[in-house]
Amino acid sequence: MAENLVQTDTSPCAEVSVAQNEPMIGSAPQVGLWILLEVRDVWEPKNLETNTLPDAANQWIEDAMSRGEAEGLMPRTQFIRHRRRPSDPLTVMTFRAGELRKQEINDYSELSMIDPLASQMPLSRETVYFVCTHARRDICCSREGLPTWQRLDSLSNGRAWQTTHLGGHRFAPNVLTFPTARSYGRVRVNEVDKFFAEIEVGSVPTRFLRGNSALPPDAQACEPEILSNNGRYVSLSGTNVTYETESGTHTLSVPAKTDLEILAGCREREWKTVEVYDVPV
């Protein structure tokens with residue numbers, strides 16, 4: 001099947017995913033430490049390996065990632081950008097344990113004074129949006145993501161940023177929000193206004209939900225039902241997820257998985273088999 005599709009199908013990966021009714025829930029990358037660094041130059045396909053940052057800045061990222069991995073934080077670094085003049089300060093953000101921290105620096109040499117694993121940067125309590133527009137990684141991300149980012153940025157009065165690859169090109173436009181650390185997909189520009197309105201009042205638009213990046217995939221897959229019961233996730237044990245509501249503690253079984261052959265991205269036109277949760281789309 002994959003060989004025939006590779007030869008004959010030229011549809012964008014995001015359109016193929018929709019046509020397959022591919023479930024998105026449980027597909028968010030699990031991350032315990034997000035590091036977000038403003039980089040205004042062109043983002044290469046693998047931006048952490050090839051970029052125009054000074055050596056010292058790349059070393060700062062590498063050290064932070066290594067320390068984060070050593071602490072079991074599953075760290076992830078994103079390059080971000082906004083509508084900025086070259087003379088404007090650069091922004092650094094981190095997110096860990098429910099806290100978004102943000103600081104402006106004049107140049108990358110000041111990174112040496114910031115410990116991304118510490119709680120030293122000022123705490124930010126605003127809701128911030130990050131939309132993947134990483135064109136050189138996958139064309140769907142820019143074609144679908146740019147209009148979504150532009151509209152979100154207008155609605156939020158500048159609280160939306162462009163970001164590099166968030167995983168799952170085929171779910172473009174991908175949006176990450178803080179301070180919830182939830183990842184969303186297929187947030188197309190014609191639905192952005194409703195999406196934004198729900199996020200701003202503290203709701204979770206589950207029809208777009210890929211998952212809470214603070215949770216393992218099996219727990220992510222149960223989150224829509226937990227939310228529908230006004231619950232709060234507690235733990236995952238085997239194939240059971242425990243959550244709490246005002247009425248007490250409850251248990252859910254993790255949804256079954258099924259194999260699906262998907263087009264992973266437009267750049268390589270690679271078809272592969274993945275496990276998806278057997279849930280309604």
Side-chain angles (χ1 to χ4, degrees), residues 1-30 131-134 137-149 151-152 165-177 180 182-199 203-213 215-229 233 239 241 252-281:
M1 176 182 176
E3 291 180 0
N4 292 334
L5 289 168
V6 168
Q7 292 170 3
T8 62
D9 188 20
T10 58
S11 299
C13 63
E15 292 182 10
V16 173
S17 180
V18 171
Q20 292 179 301
N21 288 320
E22 180 186 357
M24 295 190 295
I25 196 66
S27 67
Q30 188 178 0
V131 184
C132 179
T133 60
H134 198 165
R137 190 67 182 264
D138 194 278
I139 192 62
C140 279
C141 297
S142 60
R143 185 184 60 244
E144 302 284 353
L146 275 170
T148 290
W149 168 70
R151 183 59 182 158
L152 267 177
H165 179 55
L166 286 171
H169 322 291
R170 63 194 186 279
F171 301 134
N174 284 293
V175 181
L176 173 69
T177 66
T180 65
R182 288 191 174 95
S183 177
Y184 298 90
R186 299 179 185 145
V187 188
R188 292 188 169 83
V189 66
N190 64 321
E191 298 190 87
V192 165
D193 288 46
K194 290 181 179 179
F195 171 82
F196 175 77
E198 290 184 61
I199 296 290
S203 296
V204 180
T206 53
R207 63 193 179 280
F208 303 108
L209 186 62
R210 293 182 58 192
N212 186 330
S213 67
L215 304 181
D218 283 353
Q220 293 178 20
C222 292
E223 194 174 23
E225 187 168 351
I226 293 173
L227 292 169
S228 71
N229 293 322
Y233 167 79
T239 59
V241 168
L252 288 174
S253 294
V254 175
K257 295 179 183 178
T258 186
D259 287 345
L260 180 67
E261 193 173 25
I262 56 96
L263 179 60
C266 295
R267 187 180 179 88
E268 297 86 7
R269 306 303 299 179
E270 177 191 2
W271 289 82
K272 65 180 183 180
T273 301
V274 297
E275 285 188 327
V276 298
Y277 291 96
D278 190 7
V279 295
V281 177

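- Residues Pro255 and Cys222 have side chains in contact (heavy-atom distance under 4.5 Å, counting atoms from C-beta outward).
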Residue pair Val16, Ile262: steps toward the side-chain contact (heavy atoms from CB on, under 4.5 Å) verdict: CA-CA 8 Å; Val16 173; Ile262 56 96; over 6 Å; no
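- A pairwise comparison of heavy atoms in Asp138 and Cys140 identifies OD1-N, 3.0 Å as the closest pair.
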Worked check of side-chain contact (heavy atoms from CB on, under 4.5 Å) between Val281 and Val279: CA-CA 6 Å; Val281 177; Val279 295; 5.6 Å; no
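- Note that CG of Asp278 is 11.5 Å distant from CG of Asp259, once rounded to the nearest 0.5 Å.
- Residues Asn174 and Gly167 approach most closely at ND2-O, 3.6 Å, considering heavy atoms.
- Looking only at side-chain heavy atoms (C-beta outward), His134 and Ser142 stay at 4.5 Å or farther from each other.
- Of the inter-residue distances, the one linking Ser27 atom OG with Leu209 atom CG reads 8.5 Å to the nearest 0.5 angstrom.
- Arg210 has no carboxylate O lying under 4.0 Å from a charged side-chain N of Glu223, or vice versa, which leaves the two without a salt bridge.
- Between Arg143 and Pro12 the shortest heavy-atom distance is NH2-CB, 3.1 Å.
- In plain terms, the two heavy atoms of Arg207 and Met24 that are nearest each other are O-CE, 3.9 Å.
- The shortest distance between side-chain heavy atoms of Trp149 and Leu152 does not fall below 4.5 Å.
- If you take CG on Leu166 and CZ on Phe171, they are separated by 12.5 Å, rounding to the nearest 0.5 Å.
- Looking only at distances, no side-chain donor or acceptor of Thr239 sits under 3.5 Å from a matching main-chain atom of Ser253.
- Atom SG of Cys13 sits about 7.5 Å away from atom CZ of Arg269, to the nearest 0.5 Å.
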side-chain contact (heavy atoms from CB on, under 4.5 Å) evaluation trace for Glu225 with Leu252: CA-CA 9 Å; Glu225 187 168 351; Leu252 288 174; 3.2 Å; yes
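- Electrostatic pairing of Glu15 and Arg170 does not count as a salt bridge here, judged by no charged N lying under 4.0 Å from a carboxylate O.
- To the nearest 0.5 Å, atoms CG (Asn21) and CG (Leu260) are separated by 10.0 Å.
- Closest of all the heavy-atom pairs between Ala221 and Pro224 is O-CD, 3.7 Å.
- The CZ atom of Arg182 lies 8.0 Å from the CG atom of Leu215; values are rounded to the nearest 0.5 Å.
- Between Arg151 and Asp193 a salt bridge is recorded (basic side-chain N to carboxylate O distance below 4.0 Å).
- Between Glu144 and Arg188 a salt bridge is recorded (basic side-chain N to carboxylate O distance below 4.0 Å).
- In this structure, Glu261 contributes its side chain and Lys272 its backbone to no donor-acceptor pair below 3.5 Å.
- The two residues Val192 and Thr148 make their nearest non-hydrogen contact at CG2-CG2, 3.7 Å.
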Steps toward side-chain contact (heavy atoms from CB on, under 4.5 Å) verdict (Thr180, Asn212): CA-CA 7 Å; Thr180 65; Asn212 186 330; 5.9 Å; no
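- If you check the side chains of Asp218 and Tyr277, you find a donor sitting under 3.5 Å from an acceptor.
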side-chain hydrogen bond (donor to acceptor under 3.5 Å, both in side chains) evaluation trace for Ser17 with Arg186: CA-CA 10 Å; Ser17 180; Arg186 299 179 185 145; 2.6 Å; yes
